[in-house]
Amino acid sequence: MLHRNLLFDLDQTLLDFHASEHIALKTVMEMNGQAFTEERYDSFKRINKKLWLEFEKGMISKAELFETRFGILFEECGCNTDGMDLMKINSDFIDCMSQNGILMDGALDFLKKVVESVPDARIYVITNGAAKNAKGRIASTGLNDYICDLFVSESMGVSKPSNEYFDIVKKAVNEPDKSCIVIGDSLTSDMLGAKNADLTSCWFMPEGDVKGAMKEYEIDYTASSFAELFDILIKWSAAL
């Protein structure tokens with residue numbers, strides 16, 4: 001029997017990363033004597049995005065990412081970071097996020113409908129996030145009731161979009177490539193990873209030059225809502 005293996009990215013696909021991030025950043029900034037503002041949150045997102053792209057390209061390690069993002073942020077706040085334990089701040093940030101999982105609107109109902117409607121569906125999560133962060137937020141939202149397995153780059157020693165990451169996932173799934181579809185919001189990790197691993201892909205919540213991105217990353221489907229994504233999965237699964 002061939003299963004329908006749905007490989008979901010976690011953040012901004014099933015969970016609202018930014019909502020949890022907002023809570024956690026406010027907490028750690030105030031713990032360290034700094035006022036939290038929306039401008040500082042925007043700065044953190046800018047810093048974080050740049051560093052994650054560098055990480056995905058293999059330019060920096062996960063530890064360097066975690067330490068650097070808070071070093072830059074607190075320096076922009078006018079702090080002397082020489083005496084600050086930046087990794088402890090990062091650890092506090094991850095702890096806070098792990099306790100504050102927030103679902104994308106409609107995500108749980110969508111997964112329930114998928115499990116009930118897509119024949120032999122198996123749901124997996126593929127994420128580059130920290131293991132404690134991902135596991136905590138999944139457990140706190142009830143997503144774990146629907147997930148067969150979780151693949152976290154921190155625990156695997158490799159990350160999306162590398163072939164090594166997807167080789168591990170495919171070996172664990174242990175079914176033909178045609179039975180797998182990658183669903184995620186990131187072009188540079190999810191869609192590029194699917195392209196390099198020769199897997200079917202669906203870009204969730206696309207933005208910008210959609211046609212150009214679909215051509216560059218050889219994307220098979222796009223979906224702007226869970227309703228659209230459900231229809232795509234029904235169509236895709238029926239063609240197997």
Side-chain angles (χ1 to χ4, degrees), residues 1-17 101-129 131 133-153 155-156 159-161 163 165-187 189-206 214 217-240:
M1 178 178 65
L2 194 66
H3 294 90
R4 275 65 173 168
N5 299 295
L6 316 179
L7 312 181
F8 282 91
D9 175 46
L10 187 60
D11 294 320
Q12 300 309 118
T13 303
L14 296 175
L15 291 184
D16 189 335
F17 176 84
I102 298 173
L103 290 160
M104 296 289 283
D105 189 28
L108 218 55
D109 289 339
F110 162 73
L111 290 183
K112 184 176 185 293
K113 190 176 177 182
V114 166
V115 169
E116 292 173 348
S117 305
V118 176
D120 303 311
R122 282 184 176 173
I123 294 170
Y124 298 90
V125 165
I126 54 173
T127 179
N128 277 348
N133 189 335
K135 291 177 181 178
R137 287 184 296 130
I138 286 171
S140 71
T141 55
L143 282 179
N144 48 341
D145 291 341
Y146 298 95
I147 295 170
C148 294
D149 207 349
L150 169 66
F151 299 94
V152 187
S153 62
S155 303
M156 297 162 66
S159 59
K160 299 181 293 183
N163 282 336
Y165 179 96
F166 282 93
D167 285 345
I168 292 171
V169 173
K170 290 197 286 185
K171 184 176 181 180
V173 171
N174 195 31
E175 292 198 329
D177 287 359
K178 69 177 183 178
S179 71
C180 300
I181 183 169
V182 175
I183 303 146
D185 69 304
S186 172
L187 291 173
S189 63
D190 304 315
M191 298 301 99
L192 180 58
K195 174 185 175 182
N196 291 341
D198 198 25
L199 297 176
T200 301
S201 60
C202 181
W203 185 18
F204 189 58
M205 304 297 282
M214 288 189 71
Y217 294 93
E218 299 176 12
I219 298 168
D220 297 290
Y221 304 98
T222 65
S224 298
S225 66
F226 283 127
E228 286 186 11
L229 181 55
F230 178 78
D231 290 342
I232 286 168
L233 293 178
I234 292 293
K235 176 183 176 182
W236 169 77
S237 66
L240 288 182

Give, for atom [atom1] of [X] and atom [atom2] of [Y], the distance between the pair rounded to the nearest 0.5 Å.
X	Y	atom1	atom2	answer
Asp9	Leu7	CG	CG	11.0 Å
Leu192	Tyr217	CG	OH	6.0 Å
Glu218	Leu199	CD	CG	12.5 Å
Ile123	Tyr146	CD1	OH	8.5 Å
Arg122	Asp149	CZ	CG	10.0 Å
Trp236	Lys178	CH2	NZ	11.0 Å

Practice problem: Would you please test Leu15 and Leu103 for side-chain contact (heavy atoms from CB on, under 4.5 Å) and show each step? | Solution: CA-CA 4 Å; Leu15 291 184; Leu103 290 160; 3.8 Å; yes

So, for [X] and [Y], which heavy atoms are closest and what is the spacing to 0.1 Å?
X	Y	answer
Glu228	Ser225	N-OG, 3.1 Å
Ser179	Leu240	CA-CD1, 4.1 Å
Leu150	Val152	CG-CG2, 3.5 Å
Pro161	Asn196	O-ND2, 4.3 Å
Gly184	Thr13	CA-OG1, 3.6 Å

Practice problem: Step by step, work out the side-chain contact (heavy atoms from CB on, under 4.5 Å) result for Phe8 and Leu229. | Solution: CA-CA 12 Å; Phe8 282 91; Leu229 181 55; 4.1 Å; yes

Practice problem: Using the test side-chain contact (heavy atoms from CB on, under 4.5 Å), find all partners of Asp220 that sit at least two apart in sequence or belong to another chain. | Solution: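 If we apply the side-chain contact (heavy atoms from CB on, under 4.5 Å) test to Asp220, skipping adjacent residues, the hits are Thr200, Ser201.
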
Practice problem: With sequence neighbours excluded, tell me which residues meet side-chain contact (heavy atoms from CB on, under 4.5 Å) with Ile232. | Solution: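 For Ile232, the residues satisfying side-chain contact (heavy atoms from CB on, under 4.5 Å) (neighbours in sequence not counted) are Cys202, Tyr221, Ala223.
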
[X] side chain to [Y] main-chain N or O, any donor-acceptor pair under 3.5 Å?
X	Y	answer
Glu175	Leu2	no
Thr141	Ile138	yes
Trp203	Ser186	no
Arg4	Ser237	yes

Exercise. Run the numbers on Met104 and Leu14 for side-chain contact (heavy atoms from CB on, under 4.5 Å), then give the verdict.
Key: CA-CA 5 Å; Met104 296 289 283; Leu14 296 175; 5.6 Å; no

Between side-chain atoms of residues 165-172 and protein atoms elsewhere (two or more places apart, or another chain), which donor-acceptor pairs fall under 3.5 Å?
{"residue": "Tyr165", "atom": "OH", "partner": "Thr127", "partner atom": "N", "Å": "3.1"}
{"residue": "Tyr165", "atom": "OH", "partner": "Phe151", "partner atom": "O", "Å": "2.8"}
{"residue": "Lys170", "atom": "NZ", "partner": "Asp177", "partner atom": "OD2", "Å": "3.3"}
{"residue": "Lys170", "atom": "NZ", "partner": "Ala197", "partner atom": "O", "Å": "3.1"}

Practice problem: Tell me, please, which residues at least two apart from Asp11 pass salt bridge (charged side-chain N to carboxylate O under 4.0 Å, His left out). | Solution: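 Counting only residues at least two positions away or on another chain, Asp11 forms a salt bridge (charged side-chain N to carboxylate O under 4.0 Å, His left out) with Arg137.
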
Self-check item: Asp145 atom CG, neighbour heavy-atom count above 12 within 6.0 Å
Solution: yes

Quiz item: Would the number of heavy atoms belonging to other residues, nucleotides or ligands and lying under 6.0 Å from CG of Asp198 be above 12?
Solution: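 At most 12 heavy atoms, drawn from other residues, nucleotides or ligands, come within 6.0 Å of this atom.
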
Side-chain donor-acceptor pairs of residues 108-119 under 3.5 Å, sequence neighbours excluded:
{"residue": "Lys112", "atom": "NZ", "partner": "Glu116", "partner atom": "OE2", "Å": "2.7"}
{"residue": "Ser117", "atom": "OG", "partner": "Lys113", "partner atom": "O", "Å": "2.9"}

Practice problem: Go through the structure and list residues passing side-chain hydrogen bond (donor to acceptor under 3.5 Å, both in side chains) with Asp190, not counting sequence neighbours. | Solution: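 Per chain and number, Asp190 pairs via side-chain hydrogen bond (donor to acceptor under 3.5 Å, both in side chains) with Lys160.
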
